[in-house]
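Notes follow once the structure below has been shown.
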Amino acid sequence: MTNTRHSRRTVLRAAAVGAAAGGLTLAGGGTTAQARRGRGGTTTFVVVTGASGTPGGIDALSLRGHRTVGVDLPGHGATDAQFAHDYQCPQDPASLATRPSPMAGVGLDAYAAAAIRTVRAVAEFGPVVLYGGSMGGATLNRVGNAVPHLIDRIVYDTAFCCVDLACPEDYLTTPEGSTTLAGTLAALVVADPAVIGAVRANYRTADPEALAALKEALMAGAGDAEFYSTLAHLQPDESLTVGRENSQVRADTWGCIPRTYIRHTADRMIPLALQDRMITEADRLTPRNHFDVHTVDAGHAATAEQFEQIVDILDRLPECAG
């Protein structure tokens with residue numbers, strides 16, 4: 001780790017990362033997902049990863065007969081140099097602190113555009129369920145605002161659903177978000193975001209205190225093997241701006257889509273009280289279209305055993321009945 005001193009705003013952005021297209025045309029309120037009810041075909045789950053996640057589908061849903069596809073978020077691809085030589089062992093702290101990030105300049109517009117392209121590509125084959133967790137909720141919000149007529153259901157898995165407030169960073173500063181442990185990610189930051197254009201976290205650190213704090217925040221109670229496996233799948237660089245860009249949902253577009261929220265009772269990144277606040281705000285915004293709420297006893301990152309419960313929830317959605 002470098003001795004870089006980070007401002008409070010840098011720490012907040014790191015916390016937002018840990019917790020989680022220009023000129024988009026918004027669909028009119030008269031054309032909604034409701035018009036697509038009852039259409040045939042195989043359901044496709046379009047999966048938007050949370051912060052630092054590696055894009056991909058959900059194999060367990062495919063094994064139950066559903067199509068799943070991960071959104072290729074800009075800067076997160078295999079050729080985007082997330083995993084450079086300086087991140088290998090032994091690491092090169094000086095290079096990690098200064099090497100420009102592939103995420104520099106990438107923001108929520110780009111994430112939303114990528115997700116919309118994927119939704120458009122699969123919508124002709126059957127119902128579309130847009131699914132995301134953590135910071136992926138910001139992208140879900142934007143996509144739901146933009147193309148509600150292409151989405152049959154939107155699923156937030158302990159994800160940010162911004163209703164009364166503009167962005168995830170704002171929600172983390174609320175009383176309901178005050179107990180978050182997402183700020184522990186700041187101990188992993190190895191570069192000045194202003195220098196590299198992103199938040200860079202060293203998930204391959206061997207610092208026992210930093211790892212213990214991160215495990216408590218991310219998936220307390222999991223075995224070490226599963227925790228380290230989760231870290232191995234995390235990408236070091238994440239967008240500097242996604243957590244503070246406006247992703248408020250709109251009643252006339254996003255609000256027309258059937259929606260599900262999966263609460264995680266032991267989440268220390270997005271506390272349960274904050275999850276419930278966002279659910280309440282959304283239900284108040286669209287009183288005739290409430291969240292379908294489910295609850296799992298899991299931390300922010302579910303273990304494999306806990307994720308089986310989530311797959312059961314997804315498999316029982318109305319769009320999966322056939």
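Predicted model, so just to flag it, every value in this text is computed and none were measured.
Under the 4.5 Å side-chain criterion, counting only non-hydrogen atoms from C-beta, Phe307 is in contact with Ile58. Considering only heavy atoms from C-beta on, Ser239 comes within 4.5 Å of Met103 through its side chain. Taking the side chain as every heavy atom from C-beta outward, Val69 and Val47 never approach each other to under 4.5 Å. The shortest side-chain heavy-atom distance between Thr241 and Leu108 does not fall under the 4.5 Å cut-off. For the pair Val129 and Leu314, the minimum side-chain heavy-atom distance is 4.5 Å or more. Phe83 places a side-chain heavy atom less than 4.5 Å from the side chain of Pro236. A heavy-atom distance below 4.5 Å is not found between the side chains of Asp267 and Leu272. Arg64 is listed as a side-chain neighbour of Val311, based on a closest heavy-atom distance under 4.5 Å.
A donor-acceptor pair under 3.5 Å is absent between the side-chain atoms of Asp80 and the main chain of Gln82, judged by distance alone. In terms of modelled atom types and a separation under 3.5 Å, the side chain of Thr280 and the main chain of Asp276 share a donor-acceptor contact. Although no hydrogens or angles enter the test, the distance criterion places no donor-acceptor pair under 3.5 Å between the side chain of Glu226 and the main chain of Gly223. In this structure, the side chain of Ser178 engages the main chain of Pro175 through a donor-acceptor pair within 3.5 Å. In terms of modelled atom types and a separation under 3.5 Å, the side chain of Ser134 and the main chain of Gly136 share no donor-acceptor contact. Remark: the backbone N or O of Val128 is paired with a side-chain donor or acceptor of Asp152 at under 3.5 angstrom. In this structure a side-chain-to-backbone donor-acceptor pair under 3.5 Å is missing from Thr68 to Gly57. The backbone N or O of Tyr228 lies less than 3.5 Å from no partner atom in the side chain of Lys215, so there is not a single donor-acceptor pair. With hydrogens and angles disregarded, no donor-acceptor distance shorter than 3.5 Å links the side chain of Thr180 to the backbone of Gly177. For the pair Gln235 (side chain) and Ser52 (backbone), a donor-acceptor distance under 3.5 Å is absent.
Distance check: Arg263 CZ to Ile279 CD1 gives 6.0 Å after rounding to the nearest 0.5 Å. The CD1 atom of Ile270 sits 4.0 Å away from atom CZ of Phe160, with the distance rounded to the nearest 0.5 Å. Here the CG-CZ distance, from Asp292 to Arg316, works out to 10.0 Å after rounding to the nearest 0.5 Å. For the atom pair Phe45 CZ and Leu130 CG, the distance stands at 11.0 Å (nearest 0.5 Å). One distance of note links CD of Glu308 with CG of Asp315; it measures 12.5 Å at 0.5 Å rounding. One distance of note links CE of Met278 with OG1 of Thr174; it measures 8.5 Å at 0.5 Å rounding.
Under a hydrophobic clustering in which Ile, Leu, Val, Met, Phe, Trp and Tyr are joined whenever their side-chain heavy atoms come within less than 4.5 Å, directly or via other members, Leu73 and Ile154 fall into the same cluster. When the side chains of ILVMFWY residues are joined at heavy-atom separations under 4.5 Å, either directly or via intervening members, Phe291 and Ile313 end up in two distinct hydrophobic clusters. Linking ILVMFWY residues whenever their side-chain heavy atoms come closer than 4.5 Å, directly or via other members, leaves Met269 and Leu181 in distinct clusters. Residues Tyr261 and Trp254 share a single hydrophobic cluster, defined by chaining ILVMFWY side chains whose heavy atoms lie under 4.5 Å apart. Residues Ile196 and Val189 fall into different hydrophobic clusters, defined by Ile, Leu, Val, Met, Phe, Trp and Tyr side chains chained together at heavy-atom separations under 4.5 Å.
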Item to check | Evaluation steps, side chain to side chain contact (heavy atoms under 4.5 Å, CB included), between Leu317 and Val155 | outcome: CA-CA 10 Å; Leu317 293 175; Val155 179; 3.9 Å; yes
Next on the checklist: Show, in sequence, the C-alpha distance, side-chain angles and deciding distance for Thr49 and Thr54, and conclude whether the side chain to side chain contact (heavy atoms under 4.5 Å, CB included) test is met.
Outcome noted: CA-CA 7 Å; Thr49 183; Thr54 298; over 6 Å; no
Checklist entry - Would His66 and Leu61 satisfy side chain to side chain contact (heavy atoms under 4.5 Å, CB included), going step by step from the backbone distance to the final call? => result CA-CA 6 Å; His66 311 301; Leu61 282 173; 3.9 Å; yes
Next on the checklist: For a salt bridge (charged side-chain N to carboxylate O under 4.0 Å, His left out) check, start with the C-alpha distance between Asp164 and Arg284, then their side-chain angles and the critical distance, and finish with the verdict.
Outcome noted: CA-CA 10 Å; Asp164 291 353; Arg284 185 168 59 240; 2.9 Å; yes
Next on the checklist: What verdict does the side-chain hydrogen bond (donor to acceptor under 3.5 Å, both in side chains) test give for His294 and Thr260, after you've listed the backbone C-alpha separation in whole Å, the side-chain angles of each residue and the deciding distance to 0.1 Å?
Outcome noted: CA-CA 8 Å; His294 299 264; Thr260 294; 5.2 Å; no
Item to check | From CA spacing to verdict: salt bridge (charged side-chain N to carboxylate O under 4.0 Å, His left out), Asp72, Arg117 | outcome: CA-CA 10 Å; Asp72 289 329; Arg117 286 194 297 270; over 6 Å; no
Checklist entry - Checking side chain to side chain contact (heavy atoms under 4.5 Å, CB included) for the pair Thr230/Tyr203: CA distance, chi angles, key distance, verdict? => result CA-CA 10 Å; Thr230 298; Tyr203 294 111; over 6 Å; no
Item to check | Residue pair Arg259, Thr286: steps toward the side-chain hydrogen bond (donor to acceptor under 3.5 Å, both in side chains) verdict | outcome: CA-CA 11 Å; Arg259 60 180 185 261; Thr286 58; 2.8 Å; yes
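Atom CD of Glu209 sits in a sparse spot, with 12 or fewer heavy atoms from other residues, nucleotides or ligands closer than 6.0 Å.
Of all heavy-atom pairs between Asn202 and Gln91, the closest is ND2-OE1, 2.8 Å. The nearest pair of heavy atoms linking Ala302 to Ile310 is CB-CD1, 4.1 Å. The nearest pair of heavy atoms linking Ile116 to Ala146 is CD1-CB, 3.7 Å. Looking at every heavy atom in both residues, Asn289 comes nearest to Cys256 through ND2-C, 4.0 Å.
Test Arg99, Arg200, Arg204 against Asp86 for salt bridge (Lys or Arg N to Asp or Glu O under 4.0 Å) and you get one pass: Arg99.
If you check the side chains of His264 and Gln275, you find no donor sitting under 3.5 Å from an acceptor. For the residue pair Glu281/Tyr171, the side-chain donor-acceptor check at 3.5 Å is satisfied.
Taking the ring axis of Phe125 as reference, the NZ or CZ atom of Arg67 stays within 45° of it and closer than 6.0 Å to the ring centre.
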